[in-house]
Amino acid sequence: RRVPGGEPVAQHTARMQGRYRLVFRDRMFMSFTGCATIFGMAYVGLSLLLTLALRDQLGIGAGTILLLTSFGNILAIATTARWRRVADRHGSPIVMAGNGLLIVGCLLALGFMQPGRAPLPILVLICALIPIAESGNYMATSRGYMLRMRPRLRHACNAVWSACTQIFG
């Protein structure tokens, strides 16, 4: 009950179906939902590529991979709050695209490294930047979603958003 909009809906099903139609007709909300869904799918795939590239291409052991990625996740926790301000200042789509390019750049850099010759500082930097970029994408996506949602259609927007992002994720 303390969550805004968390009260039960006492409306008829026909009225809710009309609200879903309004959500699907909202071009700004649906285009943002589509972009966020595509970015979410890409981020999941690119994150998996990090682990696979470290293991298969560079021959790094599971324990070292775990340490490298854990370090990045700890830094992501420390930087998540700052992404809100960045998204508010530059806009969610810009932050999402920038973080996507950062991840692709990191993976390309990994692609040019050879087994046994990968410099540890660069590996640490790459493994730190990818989770930080993922965190930034998540924060920008969440902020963008909330700002594009019409308050009167909150329940229908939440249902459409959850369906799109969770099914494709």
With the 4.5 Å side-chain cut-off for hydrophobic clustering, are [X] and [Y] part of the same group?
{"X": "Ile74", "Y": "Leu66", "value": "no"}
{"X": "Leu22", "Y": "Tyr20", "value": "yes"}
{"X": "Leu108", "Y": "Leu50", "value": "yes"}
{"X": "Phe29", "Y": "Phe24", "value": "yes"}

Nearest-0.5 Å distance that lies between atom [atom1] in [X] and atom [atom2] in [Y]:
{"X": "Met30", "Y": "Cys164", "atom1": "CE", "atom2": "SG", "value": "5.0 Å"}
{"X": "Thr141", "Y": "Phe39", "atom1": "OG1", "atom2": "CZ", "value": "8.0 Å"}
{"X": "Thr33", "Y": "Asp26", "atom1": "OG1", "atom2": "CG", "value": "8.5 Å"}

Using salt bridge (charged side-chain N to carboxylate O under 4.0 Å, His left out) as the criterion, list what pairs up with Arg85, not counting sequence neighbours. none

Hits for salt bridge (charged side-chain N to carboxylate O under 4.0 Å, His left out) against Arg82, two or more places apart or cross-chain, chain-then-number order -> none

Determine the interplanar angle of the Trp161 and Phe32 rings, folded into 0 to 90°, and report it as parallel if under 30°, tilted if 30 to 60°, perpendicular if over 60°.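 Rings of Trp161 and Phe32: parallel, under 30°.
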
Got a list of side-chain donor-acceptor pairs under 3.5 Å for residues 117-134, not counting sequence neighbours?
{"unit_1": "Glu134", "atom_1": "OE1", "unit_2": "Ser47", "atom_2": "OG", "d": "3.2"}
{"unit_1": "Glu134", "atom_1": "OE2", "unit_2": "Ser47", "atom_2": "OG", "d": "2.5"}

Tabulate below the donor-acceptor pairs under 3.5 Å that side-chain atoms of residues 51-59 make, not counting sequence neighbours, or state none.
{"unit_1": "Gln57", "atom_1": "NE2", "unit_2": "Leu110", "atom_2": "O", "d": "3.3"}
{"unit_1": "Gln57", "atom_1": "NE2", "unit_2": "Gly111", "atom_2": "O", "d": "2.9"}
{"unit_1": "Gln57", "atom_1": "NE2", "unit_2": "Met113", "atom_2": "O", "d": "3.1"}

Can you tell me if Met41 has over 12 outside heavy atoms packed within less than 6.0 Å of its CE? yes

Is it the case that over 12 heavy atoms from other parts of the model lie below 6.0 angstrom from the OH atom of Tyr138? no

Distance-only check: which donor-acceptor pairs under 3.5 Å involve side-chain atoms of residues 88-107, not counting sequence neighbours?
{"unit_1": "Asp88", "atom_1": "OD1", "unit_2": "Arg143", "atom_2": "NE", "d": "3.3"}
{"unit_1": "Asp88", "atom_1": "OD1", "unit_2": "Arg143", "atom_2": "NH2", "d": "2.9"}
{"unit_1": "Asp88", "atom_1": "OD2", "unit_2": "Arg143", "atom_2": "NH2", "d": "2.8"}
{"unit_1": "Ser92", "atom_1": "OG", "unit_2": "Ala140", "atom_2": "O", "d": "2.7"}
{"unit_1": "Ser92", "atom_1": "OG", "unit_2": "Gly144", "atom_2": "N", "d": "3.2"}
{"unit_1": "Asn99", "atom_1": "ND2", "unit_2": "Val95", "atom_2": "O", "d": "3.2"}

All pairs passing side chain to side chain donor-acceptor pair (under 3.5 Å) where residues 60-79 contributes a residue, at least two apart: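 Passing the test, one end in residues 60-79: no pairs.
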
Are the side chain of Arg152 and the backbone of Arg19 linked by a donor-acceptor contact shorter than 3.5 Å?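 Checked: no pair found.
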
